[in-house]
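Ligands are counted one by one from 1 in listed order, and the atoms in each one are counted from 1 as well. Throughout, numbering of the chain's residues begins at 1 and tracks the sequence. Fair warning: this is a prediction, and the values are worked out from it, not measured in the lab.
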Amino acid sequence: MNFSSTPRNPAPYRGRFAPSPTGDLHFGSLLAAVGSWVRARTAGGTWLLRIEDLDPPREVPGAAVRQIEALARFGMPADEPIEYQSQRTGLYRAALARLRADGIAFDCRCSRADLGPGGIHHQCVAADPSRPAAVRVRVPDAEIGFEDLLQGRFAQRLAQDVGDFVVWRVEGWPAYQLAVVVDDAEQGITEVVRGADLLDSTPRQLFLQRALGLPTPDYLHLPLALGADGAKLSKSSHSLPVDPLDPMPALRAALAFLGWPTAPFRELRSPEAALALACLDFDPARLPRVRALPAPDPPA
Ligand code: GLU
C-alpha cells in the first residue's frame, strides 16, 4: 500500500510506544519503537512512552526500567513523562462504570471449560455461579472495520470472530483492550503505530471507543518479524534480544527490515545519527506489509 507521508489526522501528531514489561527489549519491540518514533518525528509530532504493566504475573522485575534505558541508548527517549498503566486504574474504573451504566458491560462467571473449544462467549453458561466474576462487554452482530494505513481494510464481525470479550479480568485488574483505548484517548494519541499482531485487536478497540464516546486514532500496523519457524518473535523462545550497549547492529537490522536501504547506515556509528538519517529518507511506500524473516544484520 502506498500512503502519504502526511498523517491523515490534521491534529498535531501524537504517537506512542507501549511495551509490556514482560522481558527485555527484543527485536520485535524495537521495530515498533523505531516505526512509531520515525513516524512521529517526520510528522513533527510528539512520541510518548507508556509502560503497560497491568498483568503482574507476566511482569519481569526490572524489565520496565531496562526497556526505558534501552530505548534511550537506541536514541529514542520519550518526549513527555512516561506513563505507567498500573498508576492509572482510576481512569479504567471510570470507563468500566460507564460501560456498566450503559448496559454494555456485565459480570460473567463462565470458565474456559464452560465456553468450550474456541472460547467464544455468546451468553453466560457458567456451571459454577459462585466463581469470581470477570466483566465482559456484549458485542454487536455487525461488521466493525477500518482502513489501516499500511495493511489496508481490516474488518471483523465481533459476535462471530471474537464474542463478548473481557474488559476487567477475574483477577481484579483491567484487560488490555479497555486500558489501551482509555489511554490512547486520554493521552491524545492521533495515530497508533504498532505490530501487526495487534491488527485483530483493533476492531475490539474501535467498538470500545464508540461505546465510550472516545475518538478513534488512525492505525498503522507494521509487519511482524517472524522467526524461521513462522512464530512471532516475541512469543517464540528464539525472540532475538537486542544489545543496548551495542545498539547499532540491531538498529541497522530494524531499519533494513522496515525498508530502508542498508548502505547509507553502514558507516554511521551512533543511533542518533542513524535515526536522523532515517527521518530524512523516510518513504512510507517502502514499508513492507509483511516480512517473513528478520533481515540479516548488514556488515558493519
Ligand atoms: N503492550 C502491548 C504489547 O506489548 C502493545 C499495545 C499497543 O501497542 O497497543 O504487545
Taking only heavy atoms of [X] into account, list the atoms of ligand 1 that are under 4.0 Å away from them.
| X | answer |
| --- | --- |
| Y176 | 6 (C), 7 (C), 9 (O) |
| V180 | 9 (O) |
| R194 | 7 (C), 8 (O), 9 (O) |
| S20 | 1 (N), 2 (C), 3 (C), 4 (O) |

TODO: Please say which of H122, R138, Q123 ends up in a side chain to side chain donor-acceptor pair (under 3.5 Å) with D164.
DONE: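 The residue from H122, R138, Q123 that satisfies side chain to side chain donor-acceptor pair (under 3.5 Å) with D164 turns out to be R138.
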TODO: Consider ligand 1: state whether an atom of it lies below 4.0 angstrom from any non-hydrogen atom of Q205.
DONE: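 Q205 does not count as a contact of ligand 1 under the 4.0 Å cut-off.
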Task: R109 with D114: basic N within carboxylate O range, under 4.0 Å - done: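 Salt bridge: no.
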Open item on the list: Taking E143 first and then R153, would you say they form a salt bridge - that is, a charged N and a carboxylate O separated by under 4.0 Å?
Closed with: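 Salt bridge between E143 and R153, a charged N being under 4.0 Å from a carboxylate O: yes.
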Testing the 3.5 Å rule here: is there a donor-acceptor pair between the side chains of [X] and [Y]?
| X | Y | answer |
| --- | --- | --- |
| D79 | T46 | no |
| Q85 | D183 | yes |
| E52 | Y176 | no |

- [ ] For ligand 1, find out whether one of its N or O atoms is nearer than 3.5 Å to an N or O atom of R16.
- [x]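 Between R16 and ligand 1, an N or O pair is found under 3.5 Å apart.
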Task: Residue portion contacting ligand 1 (non-hydrogen atoms closer than 4.0 Å) for L198 - done: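 Near ligand 1, L198 shows its side chain, while the N, CA, C and O stay back.
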